[in-house]
Number of protein chains: 2
Amino acid sequence: MKDAILKAAEARMRRDGFHGFSFRDLAADVGIKSASVHYHFPTKADLAVGLMRNYREEMLAAFGDAGDDRALADKLGAVCDAYKTKLSQAGICLCGILAAEHAGLPEPVGAALKDYFIACRDWLISAFAGSGADEPEKRALVFSSALQGALLMSHAMGDPTLFDHATGETIRACDSGTRPRQ
Amino acid sequence: MKDAILKAAEARMRRDGFHGFSFRDLAADVGIKSASVHYHFPTKADLAVGLMRNYREEMLAAFGDAGDDRALADKLGAVCDAYKTKLSQAGICLCGILAAEHAGLPEPVGAALKDYFIACRDWLISAFAGSGADEPEKRALVFSSALQGALLMSHAMGDPTLFDHATGETIRACDSGTRPRQ
DNA sequence: GTCTATAATTTGATAGAC
DNA sequence: GTCTATCAAATTATAGAC
């Protein structure tokens, strides 16, 4: 049941944001009462933090090993694919929408948010550094922001192809920047 | 007073999102009661739509004329500067945060949101087409998404330099793509 | 673990006096 | 235009029975 709540909460939070749904909505989704949701997650912040922990593990697992022998473009492609799967399910990145709202969120949520983006950044730094790219730290953040922007705009415009165009462009730029005049 | 409410509402909505503040918060900001806010804006959707209309005009004015004789990089730089000013005031783009939440927002807000992004896209298409770039439609959307992502990540990580890095990279990519081996 | 019941607060919004 | 007063509904969260 805890997993069912987390699943419903991810869908709700990715669609409507932290303040856009209630424990009663969630309870109705999984067929119990809101008091029972509070049994599993005392506060909404607890729910969000638990959700983000799960989400981080799921995404990093989908990215694969940043240090393996795949080509850089394949690694970045795996990251894009993981987010595209999320986009196709409706809603953007869980941490993307929470990032947009983060100034008005409980403090533990903000901390978990930074944890997520730092984990992603570190994965990307590893991937860039492994391919001999210069300034891997900078590239990692630029790539992340391009990705989050592609999710946001593709979602807002209701145009899934926008995500492919934007991420395709970004990967191509990274690849040529990393291995110039190949 | 209507302008004061709009100003306070922009700050609140850019910080906390559509559901993250109340008419009472707003009333306190400008020193009146919430009933008086409802006199100026009957519903919260009315407020958001009015806000977005103002915001759109303000931003397009800051971009300047898309058809003038500035270099493409200068035009794109003006767009980035306009958003950077917003970022420095705290909070991301008004339409960026509303885009993230848009699935759970009143319908008129979603319509105004699309209007904003279409206006921006058209401005950018004009700028790209004027410099002889190929696929100006595609470039416009890719540029917009890079920009929104840069705002989001810079905000979430609390790192203003991230915005400069990401947008600088994007402008450089557009420029070299438009005028190859210059 | 889930329920009923409810507390305590907040919310968007309205009515009507001034 | 702003106020007081208020409504009806929703919200997060808790207490205690089963």
Side-chain angles (χ1 to χ4, degrees), chain A residues 1-52 54 94 97-98 101-113, chain B residues 1-54 94 97-98 100-113:
Chain A
M1 174 52 59
K2 194 165 185 172
D3 283 351
I5 294 171
L6 283 168
K7 193 179 167 187
E10 185 191 323
R12 288 271 184 187
M13 211 173 286
R14 293 215 349 262
R15 253 187 62 92
D16 305 330
F18 187 88
H19 294 111
F21 71 100
S22 71
F23 271 47
R24 274 174 179 75
D25 294 327
L26 229 47
D29 287 342
V30 299
I32 57 175
K33 297 295 175 179
S34 72
S36 305
V37 179
H38 280 283
Y39 167 79
H40 294 283
F41 301 97
T43 72
K44 211 177 184 183
D46 292 325
L47 173 63
V49 170
L51 202 49
M52 292 162 84
N54 273 24
L94 173 69
I97 190 162
L98 291 176
E101 299 177 299
H102 99 275
L105 264 33
E107 187 272 324
V109 179
L113 202 53
Chain B
M1 174 53 61
K2 195 166 183 170
D3 283 351
I5 294 170
L6 282 168
K7 193 177 167 187
E10 186 191 322
R12 288 271 183 186
M13 212 173 285
R14 293 215 349 262
R15 253 187 59 92
D16 305 331
F18 187 88
H19 294 110
F21 71 100
S22 71
F23 271 49
R24 277 173 179 77
D25 294 327
L26 228 48
D29 288 341
V30 299
I32 57 175
K33 296 296 175 178
S34 71
S36 304
V37 179
H38 280 283
Y39 167 79
H40 293 284
F41 301 97
T43 71
K44 210 176 184 183
D46 292 325
L47 173 63
V49 169
L51 202 49
M52 291 161 84
R53 187 196 318 279
N54 273 22
L94 173 68
I97 190 162
L98 292 176
E101 299 177 300
H102 99 276
L105 263 34
E107 187 271 324
V109 180
L113 201 53

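Note on naming: letters A, B, ... go to the chains in the order of the sequence lines (proteins, then strands), and numbering restarts at 1 for each one.
- In this entry the distance linking CZ of B/F41 with P of C/dT14 reads 15 Å, nearest Å.
- The side chain of A/H40 places an N or O atom within less than 4.0 Å of a non-bridging phosphate oxygen (OP1 or OP2) of C/dT2.
- Contact between the side-chain N/O atoms of B/Y39 and the OP1/OP2 oxygens of D/dT2 is not found at any separation under 4.0 Å.
- For the pair A/R24 and A/S36, both in contact range of DNA chain C, the more 5′-proximal nearest nucleotide belongs to A/S36.
- Applying the 4.0 Å criterion to OP1 and OP2 of C/dT2, one finds that A/K33 has every side-chain N and O outside that range.
- The backbone N or O of A/S22 sits less than 3.5 Å from a side-chain atom of A/D25, completing a donor-acceptor pair.
- When all heavy atoms are compared, the tightest approach of A/I97 to A/R15 is CD1-O, 4.4 Å.
- In the region residues 4-18 of chain A, proximity to DNA chain C at under 4.0 angstrom, judged on heavy atoms, holds for none of the residues.
- For D/dA10, neither phosphate oxygen OP1 nor OP2 lies less than 4.0 angstrom from any side-chain nitrogen or oxygen of A/S22.
- Closest approach of A/H19 to B/G20, counting heavy atoms only: ND1-CA, 4.0 Å.
- The listed nucleotides are D/dT12, D/dT14, D/dC3; the one nearest the side chain of A/F23 is D/dT12.
- Both cation-pi conditions hold for A/K44 and A/F18: the charged atom is under 6.0 angstrom from the six-membered ring centre and inside a 45 degree cone around its axis.
- When all heavy atoms are compared, the tightest approach of A/F23 to A/F41 is CE2-O, 3.6 Å.
- B/Y39 does not carry B/K33 over the face of its six-membered ring by the limits of under 6.0 Å from the centre and within 45° of the normal.
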